[in-house]
Peer 1: 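Submitted below is the structure of interest, expressed as structure tokens.
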Amino acid sequence: MEKKYNPKSFEDRLYREWEESGCFKAVRDDSKVPFTIVMPPPNITGQLHMGHAMDETLQDTIIRFKRMQGYCALWLPGTDHASIATEVKIVEEMKREGLSKEQLGREGFLERAWAWKEKYENRICTQIKKLGSSCDWSRLTFTMDEKCTRAVREAFVNLYNKNLIYRGNRIINWCPRCKTTLSDVEVEYAEEAGHLWHIKYFIEGKNDALVVATTRPETMFGDVAVAVNPKDARYRRLIGKNVILPVVNKPIPIVGDEHADMEFGTGVVKITPAHDPNDFEVGLRHRLPVVRVMNDDGTMNDKAGKYEGLDRYECRKLLLKELSEGGYLVKEEPHAHNVGHCYRCGCTVEPIVSRQWFVKMEELARPAIDAVMNKKVTFIPERFAKTYYNWMENVKDWCISRQLWWGHRIPVWYCEECGAEICEKNDPEVCPVCGGKSLAQDEDVLDTWFSSALWPFSTLGYPEDTSDLEYFYPTDVLVTGYDIIFFWVSRMIFSGLEHMRKVPFRDVLMHGLVRDEKGRKMSKSLGNGVDPLEVIDKYGADSLRFSLLQGVAPGNDTRYSDAKVEACANFMNKIWNASRFVITNAENVKVKPLQQVKPGAADKWIISKLQAVIRDVTLALNKYELGVACQILYDFTWSDFCDWYIELCKPALYGGDEAKKESVIAVLTFVLENTLKLLHPFIPFITDEIYRNLPGTEGTIMLKDYPRYNSKIAYKRDAAAFEGIMDIIKAVRAAKTELGCPPSKKVSLYIVTESRRLISSNEDSILKLAGAKDITFISSAQEAGEKAVAKVLHIGTLYIPMGELVDADKERARLEGELETVMNEIRRADGKLNNSGFMMKAPKKLVDEERAKLDKYMAMREKILEQLKNL
RNA sequence: GGUCGAUUAACUCAGUUUGGGAGAGUGUCUUCUUGACGUGGAGAAAGUCACAGGUUCGAGUCCUGUAUCGACCACCA
């Protein structure tokens, strides 16, 4: 083994070996229980960020754990075509070359998009591999692969035939820059400082006017009415009359509608059904026409008269000027309001009436809600179920058509002869209605999330009834960020239930965002993003992985910091060196299996600790508490194993007793091997590299059994007794520091105790670790000599004569401090035991424990007082 | 307006379904180059668990309310 922990020297090599030897491949094996995770497919828009790194690490840790536990573990990787996101990127790239979509044409554009896909998919997969992800690459799926297309068509046609997909004229969100619709969840709202303009609409034939308040005056060309609340005494009598639309000089009716809020503005609202969702509803109720005034690119159309062709904001400016000059504009006040933006390009979204394809949600939502209610799907942490219910219960129909080229084309054709609408899985040749041959496919593509929604089963072979689907579906856990519950999780749930009749996964493990050191969201515009690859290059993948898992609680955001990774790199170094120590000592000897040696007290202690760790880590992992599991392993490895056990071993290793040495080496090897196995799912590279250097091992650690708790070697009592020895060592060390005595100075120890045998048998360890020269058992304090520091411990009382080094004042102060602590404990225990409620209601075991504690502390108090007197 | 989360050491955070002696990492102070590791060892200081009530023999943990911060959803002419 190399002297230094140098991840670069083995990470890539090990990954190649794992992959080439087929360790990641999951093949149906009916003798095993399947455990399946489908990877949330990263977008092929660019490269992986820290959020991905966290997502992949969580999944890899879980899947490696399950694989070692003997499950047939499948982690299925993939990438997402990310329709709009990718198209935006490609168009940007083309723009830099002076090209436009129109110039290339659909065919040419798609060719370019596929080339893009090749490039970025490769890059992303390389990055995922760098992290150590043990996914089955032979199953790598892209959301626009042939099999996904088949799944999309099947699903679409199913829904269409059940009337759950329809085409209709409705208000949708329109991005004038991307020139496509967006679903409701694709719109991001941000508060903006705007204005509220009060505009006079004269009542027909009168000199009187109604004043409407609007934030978007330019839409007035599409006004088809003004509404007042029917309960509003101010305006009630005007209902049924007309007002004259300024500038346009056209009469439009005054309608009575609840939508008009008497409290807001003037209580009169203009109705523009084509450009506002609420107005659209009002329009439906009053059978008003729908007048669209804007083009797809956000410019005004011919309805805007002389403003035709102008951008919406330019038009607003000029129109306001005209209104003001005409005396129509009565007031302009600042008004903060939420404005919707395209989640991909940031452009202000326009609500526009348009003919689009929709998924009818009501019927699909109900079983999806029930599935979570009935615990067929469990959110971890549970609170996210509520978020899910809130959304699902109020969900509106899902607009799925996009005016883009990159994506799954909508499987609907129109007969140019009879006008029939044909929805079929396979491209139709002739019109089934009239037999006509000129059919045109719908120009639009589907929302990228339509194919993502099918991901858990499209990847396994749906719509075919495959063996994989039967075996691996439903999948076991979906690991993803809480930010895509609406986009993705909910849609997978109702899609799985609809198309597969089964939920897509049993558990949903949510994680939060990875933020920067200051708690800010990592983003391009802030420039505070950290590239996982750079971190791996600097510290190694294991350090990054461990830092991302350490201290995470499900669903909580975490902060990334270099300092944290560095601390983890130190941990790797610690593991590396401890292992090197064990391996070096085991090198030229035949390592016996644990069963063939007689463990001593320290050996039993570490073996016992190990059993507890096995139990607790397994429990934590089963509950997806990866952060907790990390902490347990970190503490055990560093403190128990390295700081204590290895040090405790040294007397035996360097002493002359061969049997002892043999036994210690067996235990060292046993504990290290198990620790490596326990750690492997979290830090796969270093653990495998060391494992291969361990005596008596063969092959990769990743296919070995995960350690199981063994009650036969749990040694609970022995371990507790040994803690007494450790207390002695700690006490000596502390006494030396407190009194300014150098640790290297060897001291004599005098002990009053009932555990002489235990102490004798561990004399070597005590002498070595405490820095002592001898131990003498005594029966009273006086025997320790005149000036001795006393340490009252559970195992007994320890006296250390320190001659000149002891400062009597310091020692008195120390003892008084100790007395104070003990008195506090006595008060606490006494209080409890004198509390009749506690005595009557607390479990007997607890009362007994408390009484024993009190006795112990009382004895300690006596000793300390005696000591103070002697000083 | 609705929902949810956070508030624990100087900093970053664990502490859960099942209430029973406040934890880790980083930083700080003291100290040690002893044959795995100075990316280290040993020891220490450091907390009114946001606040106020309540339930309980007992609350960081359960309940109610308040404050501050944050997220999401909805509405906003």
Side-chain angles (χ1 to χ4, degrees), chain A residues 1 3-5 185 189 191 196-198 212-216 219 226-227 259-261 264-272 276 278-279 335-338 381-384 386-387 389-391 394 482-483 485-486 512-513 517 519 547 550-559 561 563-564 566-585 620 623 625 627-628 630-631 634-635 642-643 646-647 650 653-654 729-730 733-738 740-744 768-769 771 824-825 828-829 831-832 835-843 846 849-850 853:
Chain A
M1 270 177 88
K3 276 220 162 145
K4 273 200 148 177
Y5 164 61
V185 289
Y189 290 89
E191 182 130 304
L196 198 56
W197 286 282
H198 294 245
V212 303
T214 179
T215 53
R216 299 193 309 153
T219 63
V226 296
H259 169 244
D261 181 351
F264 190 93
T266 56
V268 186
V269 55
K270 67 193 208 58
I271 301 300
T272 323
D276 183 280
N278 288 312
D279 291 4
H335 177 71
H337 60 145
N338 264 343
E382 266 174 293
R383 67 184 134 93
F384 287 107
K386 202 159 181 177
T387 311
Y389 294 139
N390 278 341
W391 188 75
N394 301 301
Y482 59 69
D483 48 335
I485 293 178
F486 308 141
L513 263 43
E517 273 158 309
S547 80
Q550 215 182 20
V552 300
N556 285 8
D557 289 353
T558 50
R559 294 188 192 197
S561 81
K564 218 193 254 177
E566 214 170 305
C568 292
N570 290 349
F571 180 49
M572 299 308 135
N573 188 59
K574 191 77 184 172
I575 296 171
W576 185 263
N577 278 298
S579 304
R580 215 158 48 82
F581 172 81
V582 174
I583 290 164
T584 313
N585 277 292
K623 289 190 285 181
E625 286 161 9
V628 174
C630 276
Q631 195 57 47
Y634 182 95
D635 290 342
C642 294
D643 291 345
I646 286 185
E647 293 308 320
K650 286 178 180 174
L653 285 173
Y654 304 134
I729 295 166
K730 285 187 216 169
R733 286 168 170 175
K736 285 184 178 179
T737 303
E738 281 156 16
C741 167
S744 52
K768 161 104 174 121
L769 269 66
N824 279 337
E825 291 301 331
R828 191 191 56 75
K832 273 196 172 182
N835 180 329
S836 59
F838 176 78
M839 295 305 282
M840 280 161 61
K841 294 188 180 173
L846 213 64
E849 271 173 29
E850 212 53 53
K853 279 181 202 167

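Worth knowing before you read on, the calculation uses all heavy atoms, side chains too, and leaves out hydrogens, waters and symmetry mates.
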Peer 1: Residues two or more places apart in sequence or in another chain: which of them pass side-chain hydrogen bond (donor to acceptor under 3.5 Å, both in side chains) with Asp557(A)?
Peer 2: Tyr482(A), Arg515(A)

Peer 1: What contact category does Val268(A) fall into here, base, sugar-phosphate, or nothing, at under 4.0 angstrom with non-hydrogen atoms?
Peer 2: base

Peer 1: Just to be sure I understand the rule, does Gly551(A) reach a base, reach only the sugar-phosphate, or reach nothing, if contact means heavy atoms closer than 4.0 Å?
Peer 2: sugar-phosphate

Peer 1: Check this for me: does any side-chain nitrogen of one of Lys564(A) and Glu517(A) sit under 4.0 Å from a carboxylate oxygen of the other?
Peer 2: no

Peer 1: Please check the phosphate of rC73(B) (OP1 and OP2 only) for any side-chain N or O of Tyr389(A) closer than 4.0 Å.
Peer 2: no

Peer 1: What is the per-nucleotide protein-contact pattern of nucleotides 22-31 of chain B, from the 5' end, where B denotes a base atom under 4.0 Å from a protein heavy atom, S denotes such proximity for sugar-phosphate atoms only, and - denotes neither?
Peer 2: --SS-----S

Peer 1: How is Arg216(A) classified with respect to the nucleic acid when contacts are heavy atoms under 4.0 Å: base, sugar-phosphate, or nothing?
Peer 2: nothing

Peer 1: side-chain hydrogen bond (donor to acceptor under 3.5 Å, both in side chains) with Thr558(A): which residues, sequence neighbours excluded?
Peer 2: none

Peer 1: Pull out every protein N or O sitting under 3.5 Å from an N or O of nucleotides 57-61 of chain B, one pair per line with the distance.
Peer 2:
| unit_1 | atom_1 | unit_2 | atom_2 | d |
| --- | --- | --- | --- | --- |
| rC57(B) | OP1 | Lys841(A) | NZ | 2.1 |
| rC57(B) | O4' | Phe838(A) | N | 3.4 |
| rC57(B) | O2' | Asn835(A) | OD1 | 3.3 |
| rC57(B) | O2' | Asn835(A) | ND2 | 2.3 |

Peer 1: Choose from rC37(B), rU17(B), rG43(B) the nucleotide whose nearest atom is closest to any side-chain atom of Lys730(A).
Peer 2: rG43(B)

Peer 1: Contact between Lys270(A) and Asp276(A) at the side-chain level, heavy atoms closer than 4.5 Å - yes or no?
Peer 2: no

Peer 1: Could you check whether Asp483(A) gets within reach of a base, just the sugar-phosphate, or nothing at all, counting any heavy atom under 4.0 Å?
Peer 2: nothing

Peer 1: When rounded to the nearest Å, what value does the distance between P atoms of rU8(B) and rG41(B) take?
Peer 2: 29 Å

Peer 1: Would you indicate what Glu382(A) reaches in the nucleic acid, counting non-hydrogen atoms under 4.0 angstrom: base, sugar-phosphate, or nothing?
Peer 2: nothing

Peer 1: Taking the side chain as C-beta and beyond, is there a heavy-atom pair between Lys650(A) and Phe581(A) under 4.5 Å?
Peer 2: yes

Peer 1: Would a 4.5 Å heavy-atom cut-off, applied to side chains only, mark Asp635(A) and Gln631(A) as touching?
Peer 2: yes

Peer 1: Given pairs defined as Watson-Crick or G-U wobble with both distances under 3.5 Å, what dot-bracket annotation applies to RNA chain B, with ( ) intrastrand, [ ] crossing, | other strand and . unpaired?
Peer 2: (((((((..((((......[..)))).(((((.......))))).....(((((..]....))))))))))))....

Peer 1: Who pairs with Tyr189(A) by side-chain contact (heavy atoms from CB on, under 4.5 Å), at least two apart in sequence or on another chain?
Peer 2: Val187(A), Asn338(A)

